[in-house]
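Notes to accompany the following structure.
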2 protein chains.
Amino acid sequence: MSGTAAPIRIGELAELTGTTPRTIRYYEEIGLLGCASDRQQGKHRCYTEADVARVREVVRLRDLLGLTLEQLSQLVEAEAARAEIRREFRTTEDPSRQRSLLEQALRHIETQLALVRGRRDDLQALERELADKEQTVRAKLAALGF
Amino acid sequence: MSGTAAPIRIGELAELTGTTPRTIRYYEEIGLLGCASDRQQGKHRCYTEADVARVREVVRLRDLLGLTLEQLSQLVEAEAARAEIRREFRTTEDPSRQRSLLEQALRHIETQLALVRGRRDDLQALERELADKEQTVRAKLAALGF
DNA sequence: TGCTAATCTGACGCTTACGTAAGAATCAAT
DNA sequence: ATTGATTCTTACGTAAGCGTCAGATTAGCA
């Protein structure tokens, strides 16, 4: 890894994540994206690769789960918390503290997993019903001699 | 089956589908639900079991796929078409006409299936990534002796 | 026929998730 | 230092998807 990578500005972040600058600012406005740390009023926002990853995840969850951005905030609060957890994890020596941090991370991941699995199950049920219908129709076609 | 089943009115339809009368009227307004055939201005809307099924499907697709109601209209246009197809199917004797109807139905079903499968695949990919993260964290916990 | 509950038709309101426009400020390069 | 591209803040606009209220009408029952 090099020292400090090239700074990413809002336009680039938007492109990299398939969004727009307006969307990025809006997400910051509602607390979905913590504003870039210690930015001063009027200065340009600067982002990192980690931010790119975070926005990508938000967009993905938004599109796949169809949650409101408020619900997403709760999930991503977990995500932001995990980043913080990783940072603290590397700088602490206390094993019991490390254990606590890991268990927190685990709970966050499992919250997301439960949501995703639930949605996937629902979709699979629907898929099976559609597949059944398809078979029914195909059987009728076969009965006609096709 | 009895002759004509008890007529279902808008309030009941709403309850049966987990919606509200307003939602039902709105769906009719935007063409998602063909208005109950030959209703006269001011008269109460009457629905059938088939309508219950249709609204249930709409709601399900709405919640699971997160499509706009316009996109849903296209899917349900297919659904309404299938109902019509089934009606005509039973009243026609011409086998080649029957074949044509069945093949139409098949295409409609496959359109829906493609959508549902695509979405399910996306969710599964996300699920795998989350599961991987979970394993990573669990491994670290194990490394700490838990 | 009279009563009551449910429904009807507008029509305006509201929230979410951004789009868009305007004028000032910033940043990188020359 | 000037320029040009990008970004800044502020603020109003918009589309979707209903909620809600008002006053009139309808449907089923005694």
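Keep in mind the model is a prediction, meaning the values are calculated, not measured. Lettering follows sequence order; numbering is per chain, from 1. The basis for the numbers below is simple: all heavy atoms, side chains too, and nothing from hydrogens, waters or symmetry mates.
- Between D:dG17 and B:Y27, no contact under 4.0 Å exists linking OP1 or OP2 to a side-chain N or O.
- Using a 4.0 Å cut-off, no side-chain N or O of A:R22 falls inside it from OP1 or OP2 of D:dC12.
- Both A:I30 and A:K43 lie near DNA chain C, and the one whose nearest nucleotide falls closer to the 5' end is A:I30.
- Nearest to the side chain of B:R39, among C:dC8, C:dC27, D:dG19, sits C:dC8.
- At a threshold of 4.0 angstrom between heavy atoms, the contacts of A:R25 include nucleobase atoms, whether or not backbone atoms are also involved.
- When all heavy atoms of B:S73 and B:L32 are compared, the closest pair comes out as OG-CG, 3.8 Å.
- Remark: C1' of C:dA28 and CZ of A:R9 are 8 Å apart, rounded to the nearest angstrom.
- For A:L130 against B:I109, the heavy-atom pair with the smallest separation is O-CG2, 3.6 Å.
- The separation between B:I8 atom CD1 and C:dT7 atom P is 12 Å, rounded to whole Å.
- When each of C:dT16, D:dC8, C:dG10 is scored by its nearest atom to the side-chain atoms of B:Q41, the top-ranked nucleotide is C:dG10.
- Pairing each heavy atom of A:V137 with each of B:L102, the nearest pair is CG1-O, 3.5 Å.
- Atom CG of A:L32 is separated from atom C1' of C:dC18 by 13 Å (rounded to the nearest Å).
- Contact of A:R45 with D:dT7 (side chain to base): no donor-acceptor pair of N or O atoms is detected under 3.5 Å.
- In this entry the distance linking CG of A:L13 with C1' of D:dT7 reads 13 Å, nearest Å.
- Across the protein-nucleic acid pair, B:Q40 atom CD and C:dT9 atom P stand 12 Å apart, rounded to whole Å.
- The separation between A:Q71 atom CD and C:dT15 atom P is 17 Å, rounded to whole Å.
- Comparing atom distances between the B:H44 side chain and each of C:dA17, D:dC18, C:dC8 picks out C:dC8 as nearest.
- A straight line from OH of A:Y26 to P of C:dT20 spans 16 Å, rounded to a whole angstrom.
- Within the 3.5 Å criterion, the main-chain N or O of B:S96 finds no donor-acceptor partner in the side chain of B:S100.
- Nearest-nucleotide positions on DNA chain D for B:L67 and A:E12 put A:E12 closer to the 5' end.
- Regarding B:R62, its CZ atom lies at a distance of 9 Å from the C1' atom of D:dG17, rounded to whole Å.
- B:R54 and B:Y27 are not linked by any side-chain donor-acceptor pair at a separation below 3.5 angstrom, with hydrogens and angles left out of the test.
- Within 4.0 Å of B:L69, counting heavy atoms only, lie sugar-phosphate atoms of the nucleic acid but no base atom.
- For D:dG19, the OP1/OP2 oxygens have a side-chain nitrogen or oxygen of B:T23 closer than 4.0 Å.
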